[in-house]
Amino acid sequence: MQTSVSQNKLVSGFTDKANKALGISKQDALISKSYLAVAFIALLLGGLLGLLQGLNRAGLLELPAWLNYYQVLTAHGILLVVVLSAFFTIGYFYAGLSHTLGGLLPKVRKIAWIGFWTKIVGFVLVVIPILMNEASVMYTFYPPMKAHPMFYFGLALIVVGVWFLAAGAFINVANWRKNHKGEHLPILAFFATGVFVLLVGATAFVAVEVLFMIIPWSLGWVDTINVMVARTLFWAFGHTAVNIWYLTAVSAWYVVIPKVIGGTRFNDYLTRVVVIALVIMNITGGFHHQIIDPGISLPIKFMHVFMSLAIGFPSLMTAYAMFRVFERTGRRKGAKGALGWIKKLPWGDVRFLSPFIAMAAFAPAGAGGIVQSTNQLDQVVHNTMWIVGHFHLTLGMSVVMTFFGVSYWLVPYISNRVLTPKMNKLGVIQTIIWTIGMVIMAFSMHTAGLFGAPRRTSYTTYGDFSASLGWDPYMAAVGVGATLLLVAVIIQVYAVFNMMFFAPKGTTEFPIAEVEADEAKTPYMTERWGVWVVVMLIVIAMAYVLPLTDMIVNAPPGSPPFKTW
Amino acid sequence: MMTQFIYGLLFYIFLMLPPVANLVESIMITHMHMQMPMLVVSGFLMAGIFLKRFPRFFEKWNSNGIPGITLFMIVIIYWTIPRTMDEALTYQAIEAWKFISLPFLAGFPLRDSWKKLTKAGKNLIIIIFTVKYFGMGALYIWSEDQLCNNYLVIDQLTLGWGFITTAICLVIYLVYAFTVDPTKYE
Ligand code: HEM
Ligand SMILES: [Cu+2]
């Protein structure tokens, strides 16, 4: 019996061949190239600022009077967690949509460009006040700290840009489905759909926060702001954003890595179920960032522990899936014994090595996440360097190292160039340096945090207070890690621009693994995105109505704006 | 089917555990919008095996799905009346009735009836729920008085907004169902 997935393969086999012969169209390539170029410039700048922070916290570098630590930290956060991640995600998925759906529609290309420039203008509006030290509110911009209104207008434009991109993706997907009735969306486009659904959902919250609460308040139209509501709306967005970057990395783990190692991908049905589960349950996880916030009653916090841990379930499925694929592939290549397959993996291939380390990092990162979801444990680590260590594992390793691994084939693919053995070797070196740097930095951050070192604080010895002096060796190690990391950043950015403009011409494959030949048909249910979106909305409504009603009805008087720096 | 039954049963038992029941019943909105639907879900899961064992019974009484869905609606609507929630907290017998009626008189018939309904029938049910949810939402939000002895006015207000937001989600679904033509895609 022919499964509909494999039918799907027959049809897309044709476009595949066309794509292989012609590569990606020039216009589609330019879109992805622009997004990736911005992403890696953001990495360079953000990394540079990261080094400044690391050296400052190590006690080695005093920032000059015209450069405020919080100004640096704001820029670092926004450049890396907003710009790098969002631009990479969009560049990668638009290339993926173009490849798997047989090219972008001309209309969609136009939308992608409008979105690009909207985001860039928004970004410029955000950067100007940061440079002027008028917006040192960090990437969370919690009220009652108030930045220059321009900062918030910029944020709003960035959100509008994201909506354009999501609309473009949906139009292309709908068009493909009209022309491929009854077929399953190609798996990478399926991931893209999930990601853009979540992006719209997440940014809706921050849009409400910025447009209806912060902007009127920052312009002085209203005197006070409800701080708890603003924080809650922010984290519905912030948490989901980070999970979107993670889902983007996961898409490469399921779809690309199996091909890179010469295997087939994990069960198609379960893969789609993981995507749907992550989409439905994600936004409500935002509350785990507010475990220590006052004004949320304990039963609510207790129930939200389950909501947070529920997201851990698809993550564990992912871990299982990855090792299943590795083992199966290794055995087919003739591996013997329980662990022989490990030797059959292409360790010297940066396209595998970097994402593999990314996956491995998710084990300690996930364990740390479970610690932080637990109220009593989080009391110890909340707002300490532990948290900074945690998200440099999740983002700085799991997500970003997957992106790096992807860049070694994606950039050549969109540039009609090839990855040379020399560049591959440079990539492996880059991966090793980044890994060592990040492990040193994250480990010392976790430890210093356990001993109480606060995050978001420039260097101080608290009047040579004995307990805080105990943090110093670890903070010095943070400086060492940061230095190694900047070296790796420079190599990575060099590699990307070299592969984009100077590497030898040639065709590079867009690696997408096939399903197992004898796999059962995936039920059509997975394609009913309309239903999944409604389920997601109901879950969100259930989770947020209760605390938000409480925060609004029982609100304190509200806070006027403060400039704390 | 058997595994579904076991999951449903375990879920049912879990919901009956006193700490779980106490926690969700301590808050009005989780009582109505979490515990009650989850009881229906547990019945829905358990029902499969019975539908298979006793097809003739269900065929005889519920051949077109309408009797079943009517029973489902009656049970559900009954449990959205403020007074019934109060009684469930006050009288053990009513609490037991809740734990029996929702899974077995709502979850079971829903499982048997839903697939028998036509598309129009399904949408009609959703429309009825949408209207009712807006109505209940308005009632709970704008009523000046405390409707339940066991819950505060703020609980009531929260529940009202829960109804309104759910109704909005249903409207979104209906818009989707009426504007997107699945035959274009499937
Ligand atoms: C060159 C590599 C990097 C270095 C040296 C570095 C270093 C640091 C340091 C020292 C802090 C400040 C801790 C504090 O005072 O609270 C920090 C914060 C942060 N980093 Fe990095 N980091 C790097 C890469 C990344 C990457 C790749 C990401 C995300 C994709 C990232 C995201 C963040 C975020 C979100 C913060 C928190 C900002 C805040 O508290 O407002 N960093 N980083
Ligand atoms: Cu989170």
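To find a chain, count down the sequence lines: A is the first, B the second, and so on, and within it residues start at 1. The structure presented is a predicted model; accordingly, all values stated were derived computationally and were not measured.
- For B/K115, the NZ atom sits in a packed shell: over 12 heavy atoms of surrounding residues, nucleotides or ligands are nearer than 6.0 Å.
- The number of heavy atoms from other shown groups lying within 6.0 Å of CH2 (B/W79) is above 12.
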Residue pair B/T158, A/D550: steps toward the side chain to side chain contact (heavy atoms under 4.5 Å, CB included) verdict = CA-CA 8 Å; B/T158 309; A/D550 184 41; 5.8 Å; no
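- You'll find the side chain of B/L23 reaches within 4.5 Å of the side chain of A/M303, heavy atoms only.
- In this structure, the portion of A/F302 lying under 4.5 Å from any heavy atom of chain B is its side chain and not its backbone.
- Around atom OH of B/Y91, no more than 12 heavy atoms belonging to other residues, nucleotides or ligands sit under 6.0 Å away.
- Note that the CG atom of A/N554 and the CD1 atom of B/I154 stand 4.5 Å from one another [nearest 0.5 Å].
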For side chain to side chain contact (heavy atoms under 4.5 Å, CB included), just list the numbers for A/V545 and B/H33, CA-CA rounded to whole Å, side-chain angles, deciding distance to a tenth of an Å, and then say yes or no.
-> CA-CA 11 Å; A/V545 160; B/H33 279 186; over 6 Å; no
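- Between A/L546 atom CG and B/M34 atom CE the span is 9.5 Å, to the nearest 0.5 Å.
- Contacts between B/Y173 and chain A at a heavy-atom distance below 4.5 Å involve backbone atoms as well as side-chain atoms.
- Here B/I29 contributes atom CD1 and A/M542 contributes atom CE; the two are 5.0 Å apart, rounded to the nearest 0.5 Å.
- Across all non-hydrogen atoms, the minimal contact from A/V534 to B/C169 is CG1-O, 3.8 Å.
- Contacts of B/I27 with chain A are made by side-chain atoms alone, with heavy-atom separations under 4.5 Å and no backbone atom involved.
- Summarising the geometry, atom CD1 belonging to A/I538 is positioned 5.5 Å from atom CG belonging to B/L170; distances are rounded to the nearest 0.5 Å.
- For chain B, no part of A/V535 is nearby; none of its heavy atoms comes within less than 4.5 Å.
- In this structure, the separation between OG1 on B/T165 and CG on A/L548 is 10.0 Å, given to the nearest 0.5 Å.
- Ranked by heavy-atom pairs under 4.5 Å with chain A, the first of B/T166, B/I168, B/L157 is B/L157.
- In this structure, CD1 in A/I300 is found 7.5 Å from OG1 in B/T30, a value given to the nearest 0.5 Å.
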